[in-house]
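The structure under discussion appears below in the form of structure tokens.
Order of the sequence lines sets the chain letters (A, B, ...), proteins ahead of strands, with each chain counted from 1.
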Protein chains: 2
Amino acid sequence: MNLKEFSHHIGLSPTTVSRALNGYPEVSERTRRKVLESAERLGYTPNSRAARLATGRAMTIGHILPLSKEHEMVNPIFSDFIAGAGEQYSKSGYDLSLSVVRDEDEAEAYRDLATRGVVDGAVIHGPKIDDPRIRLLQEIDLPFVVHGRSSRVDGEYNWVDVNNRRAFWRATDFLLDLGHRRIGLINGLDGMDFATRRLNGYGDALAARGIARDPELVFSGEMTENYGFATTMQMLRSPKPPTAILVSSIIPAMGARRALHDLGIGLGDEVSVVIHDDDLSYFRNEGDVPIFTATRSSVREAGRLCADILLDSIRGAQDECRHVLLEADLTVGQSTGPAPAMRHLLDRDRTEVLRRP
Amino acid sequence: MNLKEFSHHIGLSPTTVSRALNGYPEVSERTRRKVLESAERLGYTPNSRAARLATGRAMTIGHILPLSKEHEMVNPIFSDFIAGAGEQYSKSGYDLSLSVVRDEDEAEAYRDLATRGVVDGAVIHGPKIDDPRIRLLQEIDLPFVVHGRSSRVDGEYNWVDVNNRRAFWRATDFLLDLGHRRIGLINGLDGMDFATRRLNGYGDALAARGIARDPELVFSGEMTENYGFATTMQMLRSPKPPTAILVSSIIPAMGARRALHDLGIGLGDEVSVVIHDDDLSYFRNEGDVPIFTATRSSVREAGRLCADILLDSIRGAQDECRHVLLEADLTVGQSTGPAPAMRHLLDRDRTEVLRRP
DNA sequence: TTCATCGTTCAAAGCGGTTTCAAGTTCTGC
DNA sequence: GCAGAACTTGAAACCGCTTTGAACGATGAA
């Protein structure tokens with residue numbers, strides 16, 4: 001049933017019915033009640049396709065999920081973020097459009113969503129340093145919000161980010177306080193803005209204590225379990241293994257733990273591990289004393305915040321760009337402890353284990 | 001720029017331009033080339049909102065992500081499935097609409113998508129036994145495909161499923177062949193169709209060898225890391241611990257591994273583990289010899305298949321319902337081995353470790 | 001009583017495409 | 001050279017809703 005039929009059916013004009021359903025004030029209460037009731041009874045729901053054309057609003061937010069040919073990986077953080085954002089969209093009557101594209105087509109995909117008029121706004125995920133997507137969306141004048149930030153981009157834009165630099169500074173400092181001097185860093189992909197900030201936090205904390213950064217102890221890559229395993233193995237088998245490791249996500253941290261176990265090295269006593277925990281729903285780092293000492297920041301909450309900001313900006317409620325910087329407090333878990341005396345790791349038997357092929 | 005302006009600009013009627021862009025045959029090649037070229041040059045892209053109203057097609061597929069209040073978990077399988085399906089949608093010019101709703105609102109959400117006319121079809125995720133969503137979509141006559149199947153639903157429908165029963169039968173049989181007699185099962189949530197089939201495969205394999213199923217060894221729950229940890233702990237600390245465990249996903253398997261390590265029990269020698277591996281992109285069970293012995297079936301591939309079937313069915317290319325049953329072959333990894341003689345586990349020192357609080 | 005005002009309601013003109021149907025043009029075959 | 005088929009093109013209706021501008025009756029002020 002369409003508006004014409006429905007309105008005819010209840011003896012009113014399409015105009016009045018439309019107004020009644022959309023909450024316009026010039027409809028009398030009696031009429032509105034009648035319309036709402038009849039719509040319910042007769043099962044009339046306005047066709048969104050028509051409404052979207054008529055209003056010029058798509059009532060939809062675009063998210064783009066880029067997959068690269070080589071490492072076609074879905075960022076595990078994506079789903080939790082989407083869950084948070086989607087929740088807010090639903091509340092405001094917005095739909096969420098998700099485009100899966102090859103990463104070289106990503107810019108084109110944003111442009112396409114905008115020119116085809118299927119979205120009113122978009123979210124940028126995983127910004128790189130000097131990310132071109134930001135400039136693009138500014139250019140085509142599509143409202144957007146960035147989950148993260150992008151260094152070296154000029155012009156204002158909405159963003160929600162974790163204070164990555166401070167979190168990693170704090171985590172590093174914590175390990176230094178425990179007496180660790182050789183601290184490894186298993187970071188995200190090079191070029192990602194968040195990875196750079198984390199690296200800086202780590203490096204600056206070391207520098208503040210006059211400790212040189214050892215490039216052998218810093219890794220960047222996609223945050224898979226295997227990546228955490230391989231990098232941890234490599235570090236611990238090296239001539240000068242670290243006594244502590246910072247890991248950028250709980251997923252590679254699983255791999256790091258596996259490596260430690262495989263080598264028979266105690267997690268938390270012989271080698272300490274601090275992770276950044278995005279509070280993924282299916283991977284909770286919980287318990288009275290969490291498994292991992294961690295800097296935590298819920299990515300789902302970030303999704304909610306991004307959605308709210310974007311919707312505000314679309315509705316024109318916000319004139320200025322909004323920035324939210326989330327602090328990630330350090331929670332001490334079971335994976336950290338005082339640095340062991342170096343001789344533990346230099347003990348003959350142990351080194352043999354560490355250096356086996 | 002809209003169609004009217006554009007067509008006027010290049011001296012043709014809107015009709016011809018529309019036809020040229022949509023590949024209708026009654027346009028001369030010369031004209032079509034001219035239109036395509038000019039569109040490119042002048043940057044004209046048809047407004048999808050208008051096209052959707054005019055054609056009556058939404059060119060969009062709906063996915064619904066239900067979140068429950070208590071255990072608001074995003075199924076980790078979801079993102080990989082979406083990645084696979086979304087890839088296919090893009091290729092066919094379809095968009096993907098994702099609705100995040102509270103799970104009690106899920107049925108309403110499907111109905112809403114259909115009556116508002118924002119989708120042409122939908123995917124049902126994680127079907128339960130006798131799933132009401134299937135009947136609903138049949139009733140409102142919205143094309144759909146189920147990722148999984150639903151026992152006890154009558155009527156035909158499209159589905160893509162893994163042969164869960166056979167996979168778990170096979171895995172159980174494999175462990176039995178290795179001499180294991182007490183085999184635990186860490187399964188998905190009760191009521192989920194896939195979990196039931198897996199339980200049946202496991203139970204039937206045991207029964208075929210005349211082994212009684214011990215309810216103390218069977219668990220069902222949401223497949224988090226902690227769930228795998230807790231259930232494994234419980235089993236291994238029980239008076240009659242299993243010598244092997246089947247785990248329904250790699251995520252709880254991480255927890256199971258953690259439990260084994262914490263108890264100092266060797267994975268693959270003292271206790272064997274077989275998992276079902278959905279081949280999640282950020283959690284690959286790979287290597288020359290995979291870490292886990294596993295029945296594997298790519299959920300991303302399932303997503304692609306579902307998308308293809310659904311699109312076919314929407315385009316009316318398919319008259320009959322299609323069913324795809326994917327076989328999950330067993331790959332032997334490092335996590336399984338012959339059952340140890342029972343005395344190992346009954347050794348005095350060991351049991352003390354196992355039974356500590 | 002009359003005129004301005006207010007509160008309601010409606011007719012009709014969009015929104016920007018697609019598609020039907022008619023018409024004009026160019027080819028054939030005879 | 002001409003009728004009829006085969007190609008191309010275009011005018012106008014239509015998709016189902018929103019919104020502008022006008023109309024109408026009721027109310028209140030003059």
Side-chain angles (χ1 to χ4, degrees), chain A residues 1-36 38-39 42-60 93-95 112-120 315, chain B residues 1-36 38-39 42-60 93-95 112-120 315:
Chain A
M1 174 157 46
N2 62 24
L3 174 57
K4 197 170 157 191
E5 291 160 12
F6 173 65
S7 56
H8 182 78
H9 203 88
I10 63 172
L12 281 168
S13 74
T15 310
T16 304
V17 171
S18 171
R19 280 185 181 137
L21 292 175
N22 291 304
Y24 281 70
E26 56 270 71
V27 185
S28 76
E29 260 326 300
R30 208 167 54 82
T31 308
R32 189 191 307 280
R33 238 196 315 278
K34 175 178 166 189
V35 170
L36 290 173
S38 313
L42 302 174
Y44 169 69
T45 313
N47 181 310
S48 294
R49 290 196 305 265
R52 287 169 181 185
L53 174 58
T55 57
R57 278 174 273 130
M59 297 304 285
T60 303
Y94 274 76
D95 287 325
D112 190 56
L113 284 180
T115 56
R116 281 165 52 217
V118 293
V119 304
D120 298 323
R315 291 187 285 231
Chain B
M1 175 156 44
N2 61 25
L3 174 59
K4 197 171 158 189
E5 290 161 13
F6 173 65
S7 55
H8 183 76
H9 202 89
I10 63 173
L12 281 168
S13 73
T15 311
T16 304
V17 170
S18 172
R19 281 183 181 136
L21 293 175
N22 290 304
Y24 281 71
E26 56 269 69
V27 185
S28 77
E29 261 326 299
R30 209 167 52 82
T31 308
R32 188 191 308 281
R33 239 194 314 279
K34 175 177 165 191
V35 170
L36 289 173
S38 313
L42 302 174
Y44 169 69
T45 311
N47 182 310
S48 293
R49 289 196 305 265
R52 286 169 182 187
L53 174 57
T55 58
R57 278 175 272 129
M59 296 305 285
T60 303
Y94 275 76
D95 287 325
D112 191 56
L113 284 181
T115 56
R116 281 165 54 218
V118 292
V119 304
D120 298 322
R315 291 187 285 230

Residue closer to the 5' end of DNA chain D, B:Ser28 versus A:Met1 (nearest nucleotide): B:Ser28
Worked verdict on B:Leu21 versus B:Leu36 for side-chain contact (heavy atoms from CB on, under 4.5 Å): CA-CA 7 Å; B:Leu21 293 175; B:Leu36 289 173; 3.7 Å; yes
Show the nearest heavy-atom pair for residues [X] and [Y], with the distance to one decimal.
X	Y	answer
B:Ser38	B:Ile10	CB-CG2, 3.6 Å
B:Tyr24	B:Arg32	O-NH2, 2.6 Å
A:Asp120	A:Met59	OD2-N, 2.6 Å
A:Phe6	A:Val35	CZ-O, 3.8 Å

Check: B:Thr16 main-chain N/O paired with B:Ser18 side-chain donor or acceptor under 3.5 Å: no
Heavy-atom donor-acceptor pair, A:Thr31 side chain to A:Val27 backbone, under 3.5 Å: no
Those residues of residues 8-21 of chain A lying under 4.0 Å from DNA chain C by at least one heavy atom: A:Leu12, A:Ser13, A:Thr15, A:Thr16, A:Arg19
Nucleic acid contacts of residues 49-59 of chain A, taken as heavy-atom distances under 4.0 Å to DNA chain C: A:Leu53, A:Ala54
Roughly how far, to the nearest 0.5 Å, is the [atom2] atom of [Y] from the [atom1] atom of [X]?
X	Y	atom1	atom2	value
B:Ser48	A:Leu113	OG	CG	9.0 Å
B:Thr45	B:Asn2	OG1	CG	12.0 Å
B:His8	B:Met1	NE2	CE	12.5 Å

Take the protein atom [atom1] of [X] and the nucleotide atom [atom2] of [N], then report the distance between them rounded to whole Å.
X	N	atom1	atom2	result
B:Lys4	C:dG17	NZ	C1'	12 Å
A:Tyr24	C:dG7	OH	P	18 Å
B:Asn47	C:dG16	CG	C1'	6 Å
B:Glu26	C:dA22	CD	P	16 Å
B:Asn2	C:dG14	CG	P	13 Å

Under the side-chain hydrogen bond (donor to acceptor under 3.5 Å, both in side chains) test, residues paired with B:Asp95 that sit two or more places apart: A:Arg116, B:Arg52
Bend angle of the helix from C:dT1-D:dA30 to C:dC30-D:dG1, end axes from five pairs each (to 10°): 50°
Touch class at under 4.0 angstrom, heavy-atom based, for A:Phe6 against every strand present: nothing
Sugar-phosphate, base or nothing in reach of A:Thr31, heavy atoms under 4.0 Å: sugar-phosphate
side-chain N/O B:Tyr44 vs C:dG17 OP1/OP2, d < 4.0 Å: yes
B:Leu3 and B:Tyr44, any side-chain heavy atoms less than 4.5 Å apart: yes
4.5 Å side-chain heavy-atom contact, A:His9 and A:Leu42: yes
Residue B:Leu3, side-chain heavy atoms: nucleotide from C:dT8, C:dT19, C:dG17 that is nearest: C:dG17
Pairing residues for B:Thr15 by the side-chain contact (heavy atoms from CB on, under 4.5 Å) criterion, not counting sequence neighbours: B:Ser13, B:Arg19
For chain A, the stretch of DNA chain D it reaches, first to last nucleotide, under 4.0 Å of its heavy atoms: D:dG16 to D:dG21
